[in-house]
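Here the structure comes first, spelled out in structure tokens, and everything after it is commentary.
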Amino acid sequence: FGGRCFCPRCAVAFRDWLRARYGSLAALNEAWGTVFWSQTYGAWDEIDVPPSGSVPMPGGFGGAAPSPAHALDYRRFISDSYVRYQRLQIEEIRRTSDAPITHNMMGFGFGDIDYHALAQDLDFLAWDNYPVLNHSDGWLEPALSCDAIRGLKNTPFWVMEQQVGPLGWEVIRSPRRGQLRLHTFQMIAHGAEAISYFRWRSARFGTEQHWYGILDHDGRPNRRLREVTELVQEVGAIAPLLEGVVPSSQAAVIYDYDSRFALEIQPTNPALPHTRAVGAHYGALRQLGLGVDLRPPMADLSEYSLVVAPSLYMIDEPLAAHLKAYVQNGGVLVLGPRSAFKDRTNAVPERPLPAWLDDLVGLEVSDISSFIDMPPVRLRSSDGSSEGDFRGWFEELSPTSAQALYVYDEYDYAGGPAITSNAFGEGRAVYVGGAATPATLRDLYRTLASDAGLGVFDLPEEVELVRVKKPDADAELLFLLNYSDREQLVELPEEWCDQLGAGTPSRTVALAPYGVALLKPVGVAVPVEQ
């Protein structure tokens with residue numbers, strides 16, 4: 001499922017959707033603020049689909065910029081249309097079959113459909129993983145997609161299509177030797193309970209002739225078949241140890257499709273896209289070895305010591321109350337810049353920003369600065385022990401009760417708070433007043449994790465650590481995955497035994513190029529299924 005249509009049939013269906021949502025034109029005109037630019041509607045058939053694209057103009061303007069509320073509701077309508085279409089098919093299938101039903105989703109980067117809504121009618125979730133197509137060419141994108149798909153139902157998932165060889169339609173991209181095993185173990189570590197390689201035999205005709213499967217076009221045994229066979233045997237040997245394990249998460253990252261859609265319509269600044277912000281904060285947490293769940297805004301957050309909302313652009317009063325209750329009960333909440341700027345109609349609330357959260361964070365956003373090509377603005381921690389940077393987007397913060405963790409070291413806001421912390425009930429809320437660089441976020445989360453009693457790891461940039469455990473066990477297992485073409489050494493604070501290697505207790509793990517280790521703590525019993 002994917003793509004947005006703008007045809008006359010969709011225009012008619014969109015009007016029906018709007019009638020059901022608003023009930024009357026008066027309510028729609030009020031919600032959309034159509035009085036601006038004389039857009040007030042007098043009849044339902046006056047409402048058309050919004051422009052399908054926008055011609056860039058100098059100075060940050062779009063040549064076909066629609067009303068933000070109109071464009072947001074159209075994105076919601078298209079998403080709801082896919083959800084209804086899927087439900088129609090599911091209901092027809094269930095008339096004659098009780099087999100479980102799933103759909104292969106496209107990971108976190110895909111933004112046409114609210115996957116939180118699409119997931120509800122499915123019995124279990126699946127997605128397609130093609131690592132060599134990642135923009136970053138690293139481990140964070142597949143990790144983020146795994147945790148996002150798993151978080152839709154908070155259950156294990158399937159990989160319906162897993163890359164196994166070279167691929168492409170017109171241009172071929174090839175994985176390196178050893179990456180088939182590496183990418184498979186990454187999926188296992190993040191909670192996949194089934195992995196289906198795409199495909200068994202390469203197609204001799206059609207668009208995907210260059211999309212190689214386990215076997216080549218001639219169908220004879222080859223290197224990839226040998227590698228898959230060896231991998232199946234290796235996984236089988238450790239299956240009793242892995243039976244029932246799930247990723248162990250200490251933190252949660254909130255992401256919201258309304259905020260994502262709204263920032264697509266008005267991107268605001270190249271540093272602020274929803275997916276980029278979520279990826280940056282998620283990456284900073286994961287690079288410290290913390291387990292992270294991705295959760296919808298109204299999810300139960302009580303099990304997490306640390307919750308991060310990197311791009312909560314849209315807000316309403318029930319969500320504000322939900323977040324306040326989490327902090328009131330002892331949680332640590334981190335909010336990113338431009339938080340709570342819009343309500344659910346895509347209008348700016350008539351109240352101090354961040355709307356309905358200003359008392360939680362103990363400040364008001366009193367001014368903003370947005371630049372496209374400006375060099376980073378330096379920050380320094382209040383105790384002088386560390387430095388940081390914001391790029392592109394900066395906010396002037398006026399504390400009412402918040403304390404500065406970092407202050408601006410230069411620019412118009414020099415000396416003023418840039419990142420703050422505010423005690424609220426038994427917990428605290430941290431506000432990041434700009435688009436922080438990855439190094440700045442890692443330093444911030446290292447401090448917050450330490451304060452919350454969460455253990456972190458010092459890891460090479462190209463090494464991923466994934467914590468897993470059985471639901472009824474306290475002891476964790478660790479996956480270490482090396483995504484570089486050279487050996488990596490990982491120093492650990494205590495001794496572990498590698499279950500994929502010699503099993504000798506050690507605090508130093510040497511990972512071969514594209515190598516994997518599965519570590520069990522020394523002296524701690526981990527239940528093994530027989």
Side-chain angles (χ1 to χ4, degrees), residues 4-54 62 64-88 111-118 120-121 255-268 274 296-298 311-324 338-358:
R4 294 191 180 106
C5 182
F6 297 85
C7 75
R9 285 190 178 188
C10 283
V12 172
F14 180 45
R15 293 175 197 128
D16 292 340
W17 184 90
L18 291 172
R19 284 191 189 96
R21 184 177 181 88
Y22 292 104
S24 69
L25 277 173
L28 179 144
N29 283 318
E30 176 68 21
W32 282 12
T34 54
V35 66
F36 185 77
W37 278 358
S38 302
Q39 298 177 82
T40 303
Y41 295 103
W44 289 105
D45 60 8
E46 293 177 0
I47 304 173
D48 207 346
V49 298
S52 60
S54 184
S67 159
H70 184 174
L72 175 61
D73 269 345
Y74 197 73
R75 280 167 166 76
R76 289 166 168 161
F77 156 73
I78 290 292
S79 179
D80 285 355
S81 297
Y82 281 114
V83 173
R84 289 196 305 272
Y85 178 56
Q86 178 183 259
R87 184 175 300 139
L88 172 68
D112 291 356
I113 305 170
D114 181 344
Y115 272 174
H116 292 135
L118 194 74
Q120 298 313 305
D121 292 326
Y255 75 107
D256 170 47
Y257 279 94
D258 273 357
S259 295
R260 182 171 182 167
F261 292 159
L263 281 167
E264 289 174 355
I265 297 161
Q266 294 176 302
T268 309
H274 188 71
M298 293 299 292
S311 181
L312 199 63
Y313 186 62
M314 305 192 80
I315 192 75
D316 53 32
E317 292 183 78
L319 177 54
H322 177 62
L323 296 176
K324 289 178 182 179
R338 209 53 165 168
S339 288
F341 178 66
K342 298 283 196 82
D343 66 19
R344 292 297 176 188
T345 68
N346 214 2
V348 182
E350 194 174 2
R351 56 179 300 117
L353 301 174
W356 294 293
L357 296 176
D358 52 310

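The chain is numbered in sequence order, starting from 1.
- Rounding to the nearest 0.5 angstrom, the gap separating the CE atom in M298 from the CG atom in L323 is 8.0 Å.
- Judged purely by atom type and a 3.5 angstrom limit, Q120 uses its side chain to pair as donor or acceptor with the backbone of H116.
- To the nearest 0.5 Å, the span separating CG on N346 from CD on Q266 amounts to 6.0 Å.
- Formation of a donor-acceptor pair under 3.5 Å by the S79 side chain with backbone atoms of D114 is found in this model.
- The backbone N or O of D121 sits nowhere less than 3.5 Å from a side-chain atom of R87 that would complete a donor-acceptor pair.
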| What's the verdict on side-chain contact (heavy atoms from CB on, under 4.5 Å) for R338 and L263, showing C-alpha distance, side-chain angles and the deciding distance? | CA-CA 11 Å; R338 209 53 165 168; L263 281 167; 5.6 Å; no
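- In summary, D343 and R351 do not engage in a salt bridge, as defined by a charged side-chain N under 4.0 Å from a carboxylate O.
- Residues L118 and Q86 share a closest heavy-atom pair of O-NE2, 2.9 Å.
- When all heavy atoms of P349 and A355 are compared, the pair lying nearest together is CG-CB, 3.7 Å.
- The two residues Y257 and I113 have their closest heavy-atom pair at CE2-O, 3.2 Å.
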| query | After noting the C-alpha distance and the side-chain angles of T268 and Y313, does the key distance pass the side-chain contact (heavy atoms from CB on, under 4.5 Å) rule? | reply | CA-CA 11 Å; T268 309; Y313 186 62; 4.1 Å; yes
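- Summarising the local packing, CD of E46 is surrounded by more than 12 heavy atoms from other residues, nucleotides or ligands at distances under 6.0 Å.
- The two residues C7 and V49 make their nearest non-hydrogen contact at O-CG1, 4.5 Å.
- For the residue pair H274 / S259, no side-chain donor-acceptor distance below 3.5 Å is found, with atom types taken as modelled.
- Using a 4.0 Å cut-off between a side-chain N of Lys or Arg and a carboxylate O of Asp or Glu, E264 and R4 qualify as a salt bridge.
- Side chains of T345 and W32 form no contact here, defined as non-hydrogen atoms less than 4.5 Å apart.
- Residues satisfying the salt bridge (charged side-chain N to carboxylate O under 4.0 Å, His left out) criterion with R76, sequence neighbours excluded, are D73, D258.
- By the ring-ring contact (aromatic ring centres under 6.0 Å, His included) test, F14 pairs with H70, Y74, F77, sequence neighbours left out.
- Shown here for A340 and L353, the closest heavy-atom pair between the two residues is O-CD2, 3.5 Å.
- What you find for R75 and F261 is that their closest heavy atoms are CD-CB, 3.7 Å.
- A donor-acceptor pair under 3.5 Å links the side-chain atoms of N29 to the main chain of Y41, judged by distance alone.
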| side-chain contact (heavy atoms from CB on, under 4.5 Å) evaluation trace for K342 with I315 | CA-CA 6 Å; K342 298 283 196 82; I315 192 75; over 6 Å; no
| query | When you look at L319 and R344, which way does the side-chain contact (heavy atoms from CB on, under 4.5 Å) test go after all the steps? | reply | CA-CA 11 Å; L319 177 54; R344 292 297 176 188; 3.5 Å; yes
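- Residue T34 holds its OG1 atom at 9.0 Å from CG of L25, rounded to the nearest 0.5 Å.
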